[in-house]
Amino acid sequence: MDLPERPLLDRLVAYAHAAAHRPGTPCRCAGGLVGVLADRDDGTVVRHGRLVAKAHAPGTDPEAHRARLALAGHPDVRAVLLPPLPAPRPAAAADELDGLLALDGRPVTLWPYGPPVDPADPDAAPWEEAARLLALLHRTPPPVGAADRLPEMRAPVKAALAVDRMRRTAPDHPAAATVLAAWRSVPDRLAPGGPRLLCHGDFHLGQLVRAPGSVPPQKSLSSPPAPWRLIDIDDLGLGDPAWDLARPAAWFAAGILPPEIWSRFLGAYRRAGGPAVGADPWDRLDVPARALTVQTAALALAKSTAEHRPLDEVEEVMIDTCARIAGYRTDPAPSAST
């Protein structure tokens, strides 16, 4: 009987193993250092010891991916972005896609492993450090020769894609009309123009890791912890930096992010010279924050419908927030002093 073809995840695990060890060298990595970190439609990530292998989304544009990968490895952003690792030669288990290493038609990259933010310790979440990293990224001029090749930052496009996904997968959900009404209330949601600065494009705390990443993390009273770095290049590019602050702003406006944490985050960003906001931050943040609220709510409806489950508490809050913004174009902004 013919065996079924191995899925992408099996090939990525084999690729990571080959990249982590010299040919013929047995793997002595402890069980906790090898495993699947994420397996989603938009990215599959596995860890093997000191490195991480990622298969990027199907349909990734090769030229845009190449430009984003080059930027992540550029010395001008080494204090902000985790740099990629060189691919093994020969690239065991990998194919080629327009000159890029690939698995099943999806570009594959290698990265050093870095310990992430601990979700079990929200009080230790590095909001100020994240804000300083974003400010530094936004203030960094695009490297010479790279500006013409860098693609647009994808945050606005992802908001529209989330709404389209909801329309396809959950058109009859009772809350879909509320989300669409909120989407229609977002003024000039995808208008071209505006600032063209380096942006991450998908910032949240899950995009932070300690660098360079020790296995296991070194704990010494005499040495400070490794610095934080941003990961995930898939939405990196040029655009309006307000979109990188939009998710925390949306959470704050929805009542999910406490005011004191939002104040710490925004204050650290301003002190670091971040250019995304002015005296009244909501002059720049209102539209992106509305769009991120809609994006989050639309994805919640699409995913809960596909998984045949009710909305969870946070998802319900985002739907309620969509209901609040659906009836008017100009939402009363939170205090500019926050």
Side-chain angles (χ1 to χ4, degrees), residues 32-33 37-38 43 45 47 49-54 68-69 71-85 109-140 143 153 155 197-237 241-252 256-258 260-277 292:
L33 307 184
L37 302 182
V45 185
R47 177 188 179 186
R50 295 179 180 272
L51 62 77
V52 168
K54 177 173 183 176
R68 291 181 169 116
L69 198 60
L71 177 62
H74 198 281
D76 287 1
V77 295
R78 67 178 55 174
V80 181
L81 300 175
L82 193 71
L85 294 172
T109 51
L110 290 173
W111 307 85
Y113 173 78
V117 174
D118 183 358
D121 190 7
D123 291 338
W127 286 104
E128 289 94 334
E129 291 88 343
R132 287 190 284 268
L133 285 175
L134 290 174
L136 179 55
L137 178 65
H138 298 160
R139 287 173 25 227
T140 301
M153 175 265 296
L197 305 180
L198 289 182
C199 300
H200 181 270
D202 187 28
F203 168 72
H204 52 82
L205 289 182
Q207 307 288 33
L208 289 167
V209 299
R210 293 283 190 186
S214 303
V215 182
Q218 298 297 316
K219 295 182 179 179
S220 170
L221 294 177
S222 61
S223 59
W228 292 103
R229 293 290 181 267
L230 290 170
I231 60 172
D232 190 354
I233 65 167
D234 293 330
D235 304 305
L236 194 65
W243 285 86
D244 280 347
L245 278 60
R247 185 174 273 108
W251 290 348
F252 165 61
I256 296 172
L257 189 68
E260 60 272 17
I261 294 180
W262 168 248
S263 181
R264 284 166 42 200
F265 174 78
L266 186 61
Y269 181 83
R270 283 170 154 164
R271 288 190 297 273
V277 294
L292 259 291

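- Using a 4.5 Å cut-off on side-chain heavy atoms (C-beta onward), Leu136 and Arg132 make no contact.
- Between atom CG of residue Asp244 and atom CG of residue Leu197 there is a gap of 10.0 Å, rounded to the nearest 0.5 Å.
- His200 places a side-chain N or O within donor-acceptor distance of the main-chain N or O of Asp232, the cut-off being under 3.5 Å.
- Between Pro126 and Val117, some side-chain heavy-atom pair lies under the 4.5 Å cut-off.
- Interatomic distance, Trp111 CH2 to Leu51 CG, rounded to the nearest 0.5 Å: 12.5 Å.
- Residues Leu257 and Pro248 meet the side-chain proximity criterion, which asks for heavy atoms closer than 4.5 Å.
- Relative to the ring axis of Tyr113, Arg47 places its NZ or CZ within 45° and under 6.0 Å from the centre.
- The line from NE2 of His138 to CG of Leu133 is 10.5 Å long, rounded to the nearest 0.5 Å.
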Compile the donor-acceptor pairs under 3.5 Å between side chains in residues 74-82 and protein atoms, sequence neighbours left out, one pair per line.
| residue | atom | partner | partner atom | Å |
| --- | --- | --- | --- | --- |
| His74 | ND1 | Asp76 | N | 3.0 |
| Arg78 | NE | Pro75 | O | 3.4 |

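- Rounded to the nearest 0.5 Å, atoms CG (Leu110) and CZ (Arg50) are 15.5 Å apart.
- When every heavy atom of Gly201 is checked against every heavy atom of Ala155, the shortest pair comes out as O-CB, 3.4 Å.
- One distance of note links CG of Leu198 with CG of Leu71; it measures 5.5 Å at 0.5 Å rounding.
- Annotation for Ile231 and Gly206: closest pair CD1-O, 4.0 Å, computed over non-hydrogen atoms.
- A salt bridge links Asp234 with Lys54: the distance from a Lys NZ or Arg NE/NH1/NH2 to an Asp or Glu carboxylate oxygen falls below 4.0 Å.
- Considering every non-hydrogen atom in both Leu205 and Ala125, the closest pair reads CD1-CB, 3.6 Å.
- Interatomic distance, CG of Leu230 versus CG of Leu236, reported as 9.5 Å (0.5 Å rounding).
- Within the 4.5 Å cutoff, the side chain of Val277 has heavy atoms near those of the Arg270 side chain.
- Listed by chain and number, the residues in a salt bridge (charged side-chain N to carboxylate O under 4.0 Å, His left out) with Glu128 are Arg264 (sequence neighbours excluded).
- Side-chain contact check for Arg210 versus Pro225: some heavy-atom pair is nearer than 4.5 Å.
- When Tyr269, Trp127, Phe252 are each tested for a ring pair (Phe, Tyr, Trp, His ring centres under 6.0 Å) with Trp262, only one passes: Phe252.
- The minimum heavy-atom distance between Arg139 and Pro275, with the atom names listed, is CG-CD, 4.1 Å.
- Among all heavy-atom pairs drawn from Pro83 and Pro112, the shortest one is O-CD, 3.2 Å.
- For Arg247, the salt bridge (charged side-chain N to carboxylate O under 4.0 Å, His left out) criterion is met by Asp202, not counting sequence neighbours.
- Proximity of Pro241 to Leu134: side-chain heavy atoms (C-beta onward) are nowhere separated by under 4.5 Å.
- Side chain of Arg229 to main chain of Ala211: no donor-acceptor pair is present (N/O by atom type, distance under 3.5 Å, no hydrogens or angles).
- When side chains are defined from C-beta on, Leu37 counts as touching Val52, because their heavy atoms get closer than 4.5 Å.
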